[in-house]
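Report on the structure given below.
Just so we're clear, the structure is a prediction, and the values are computed from it rather than from any experiment.
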Amino acid sequence: MLTFVILLLIMLSNDVEVNPGPLGGFFSIFHLNIRSMRNKVDYVENISNEADVICLTETHLDENIKNEDILIEGYNRDPYRKDRNSSGGGIIIYISKFIQAKPRPDLDFDNEALWLEITFPSNKLLLCVVYRQPSNNNTFWDKFHESIENAMSYTPNVVITGDVNVDFLTDHSHKIFDIMRLNGLKNVINEPTRFCATRQSLLDPILVSDSCDVYDSHVIQIDRTYSDHDGTIIFLNNLGRLQNNTTYKRMIWDYRNADFDKCNELIATFDWESIINAENSRPPPCCACVRAPCNCPPCSPPWPTYKPRRRYPHYG
């Protein structure tokens, strides 16, 4: 009887959509380097605070672990995953049943990077989850940068999370900071996320584009018997309320890649003497034009077109 009443109410509402996405409140994304997901599903379900999206890195899964073995109640039965092997690596993403999402393999740039497109009633968000091995070189970062640029050309709403194995507390000259600056990204996690006997480091940032309205973000303490990383979570004000969906291009001068040898050569070979001689040959202005422009040669244009913002009294 109760089921019949619920179905009747849905029919009478005359406004039913398939996976319309969150219509109010906040949209939340949780991440944790789980250091092997085997036998930890219940813990992840409890610690993730019912986030709309659960992202896990270093899952240590392989083809022997089926999706039905690692299901989390309330989330899609086929989580998005990229496995390496049972000894390391791997990522997985759980999406709430109330969220509409699809993979974007055209943006994937690494075996352990996964992009999803999440649809809201009036907007879209691109989410990237990545695990970077410490041994990955500059080729990884070049592909990472290109992938972000392609994502930003599709929508200005971009969130990137995962474990990038760069310490955001100390490695301020790392290439990832150039990539963030060039693409208008900021990190919203400012506390350590990885703990060992000798140091604490921030390896698990959450990078967001300027258009994302961040309500809150913080670190979630994790039982050390499950992982040596802490979890991170971000709450975005409902993206469905954003109206500006346009993208734009801008020019940024990347001085770190400038050819300073060529610059010095041009400065050294330029005919500076002719400029200096021309300036020295200019006759001094007459006394009258100190108070007001006249028609003497030094006061010829562009002198008369100059309009000072303030008028200062003449002392002489």
Side-chain angles (χ1 to χ4, degrees), residues 27-37 40-41 44 47-49 51-61 67 70 72 75-76 78-84 88-96 99-119 124-134 136 140-141 143-148 150-152 154-155 157-166 168 176 179-180 183 185 187-189 193-194 202-209 212 214 217 219-220 222 227 229-236 239:
F27 178 74
S28 56
I29 303 171
F30 170 84
H31 167 259
L32 173 63
N33 181 325
I34 190 62
R35 300 302 294 268
S36 179
M37 191 178 174
K40 299 179 182 178
V41 175
V44 170
I47 201 67
S48 58
N49 294 329
D52 296 299
V53 181
I54 298 175
C55 312
L56 303 174
T57 51
E58 284 210 81
T59 53
H60 298 196
L61 300 178
N67 285 341
I70 52 174
I72 297 179
Y75 294 82
N76 55 325
D78 291 310
Y80 303 98
R81 55 190 274 193
K82 282 189 175 183
D83 302 338
R84 190 198 302 175
I91 56 179
I92 192 169
I93 306 176
Y94 292 88
I95 302 291
S96 167
I99 304 296
Q100 183 179 357
K102 66 179 182 180
R104 288 293 302 268
D106 55 307
L107 296 173
D108 292 350
F109 60 94
D110 188 80
N111 291 334
E112 290 173 303
L114 184 58
W115 282 92
L116 294 185
E117 178 181 325
I118 301 174
T119 301
K124 296 182 183 298
L125 169 74
L126 284 175
L127 168 66
C128 177
V129 181
V130 58
Y131 173 70
R132 171 187 167 265
Q133 300 181 57
N136 282 353
F140 173 92
W141 295 114
K143 293 180 178 179
F144 183 48
H145 188 185
E146 181 182 3
S147 178
I148 294 174
N150 292 335
M152 298 287 286
Y154 179 77
T155 175
N157 307 316
V158 172
V159 175
I160 302 170
T161 188
D163 180 354
V164 296
N165 273 303
V166 175
F168 274 62
I176 193 173
I179 295 173
M180 292 166 56
N183 291 280
L185 299 172
N187 172 39
V188 296
I189 299 297
T193 59
R194 202 252 176 166
L202 201 176
L203 306 183
D204 310 83
I206 299 179
L207 310 182
V208 299
S209 57
C212 293
V214 179
S217 58
V219 169
I220 297 178
I222 300 297
S227 176
H229 288 246
D230 274 350
T232 59
I233 193 166
I234 184 173
F235 296 87
L236 301 176
L239 288 167

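Taking the side chain as every heavy atom from C-beta outward, L236 and V159 approach each other to under 4.5 Å. In this structure the side chain of T155 never reaches within 4.5 angstrom of the side chain of L125, judged on heavy atoms. Residues I206 and I29 form no side-chain contact, since every pair of their non-hydrogen atoms from C-beta on lies 4.5 Å or further apart. Considering only heavy atoms from C-beta on, I72 stays 4.5 Å or farther from S48 through its side chain. F30 places none of its side-chain heavy atoms less than 4.5 Å from the side chain of T161. With contacts defined as side-chain heavy-atom distances shorter than 4.5 Å, the pair I189/D204 does not qualify. Under the 4.5 Å side-chain criterion, counting only non-hydrogen atoms from C-beta, D110 is not in contact with Y131. Contact check for R81 versus T59: no side-chain heavy atoms found under the 4.5 Å cut-off.
Using a distance-only test at 3.5 Å, with no hydrogens or angles considered, no donor-acceptor pair links the side chain of S28 to the main chain of F235. Remark: side-chain polar atoms of E112 are paired, donor with acceptor, to backbone N or O of G90 under 3.5 angstrom. With hydrogens and angles disregarded, a donor-acceptor distance shorter than 3.5 Å links the side chain of N76 to the backbone of I95. Counting only distance, with no hydrogens or angles, the side chain of R132 and the backbone of V164 share a donor-acceptor pair below 3.5 Å. The closest donor-acceptor contact from the side chain of K40 to the backbone of I34 lies under 3.5 Å.
The environment of N67 atom CG is dense: over 12 non-hydrogen atoms of other residues, nucleotides or ligands sit within 6.0 angstrom.
Between T57 and V129 the shortest heavy-atom distance is CG2-CG1, 4.1 Å. Across all non-hydrogen atoms, the minimal contact from N157 to S209 is CA-OG, 3.7 Å. The minimum heavy-atom distance linking K82 with N111 is given by the pair CD-O, 3.1 Å. Counting all heavy atoms, side chain and backbone alike, S227 lies closest to R35 at OG-CG, 3.7 Å. Closest heavy-atom contact between L203 and P205: O-CD, 3.1 Å. Across all their heavy atoms, R84 and G89 have their closest contact at NH2-CA, 3.3 Å.
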Residue pair W115, D106: steps toward the side-chain contact (heavy atoms from CB on, under 4.5 Å) verdict: CA-CA 9 Å; W115 282 92; D106 55 307; over 6 Å; no
Run the side-chain contact (heavy atoms from CB on, under 4.5 Å) check on K124 and Y154 step by step: do they pass? CA-CA 9 Å; K124 296 182 183 298; Y154 179 77; 3.4 Å; yes
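Using cut-offs of 30° and 60° for the angle between ring planes, the W141 and F144 rings count as perpendicular.
Interatomic distance, D230 CG to L32 CG, rounded to the nearest 0.5 Å: 8.5 Å. To the nearest 0.5 Å, the span separating CZ on F27 from CD1 on I118 amounts to 4.0 Å.
No salt bridge links D163 with R194; every basic N to acidic carboxylate O contact stays at or beyond 4.0 Å.
For the residue pair N183/H145, the side-chain donor-acceptor check at 3.5 Å is satisfied.
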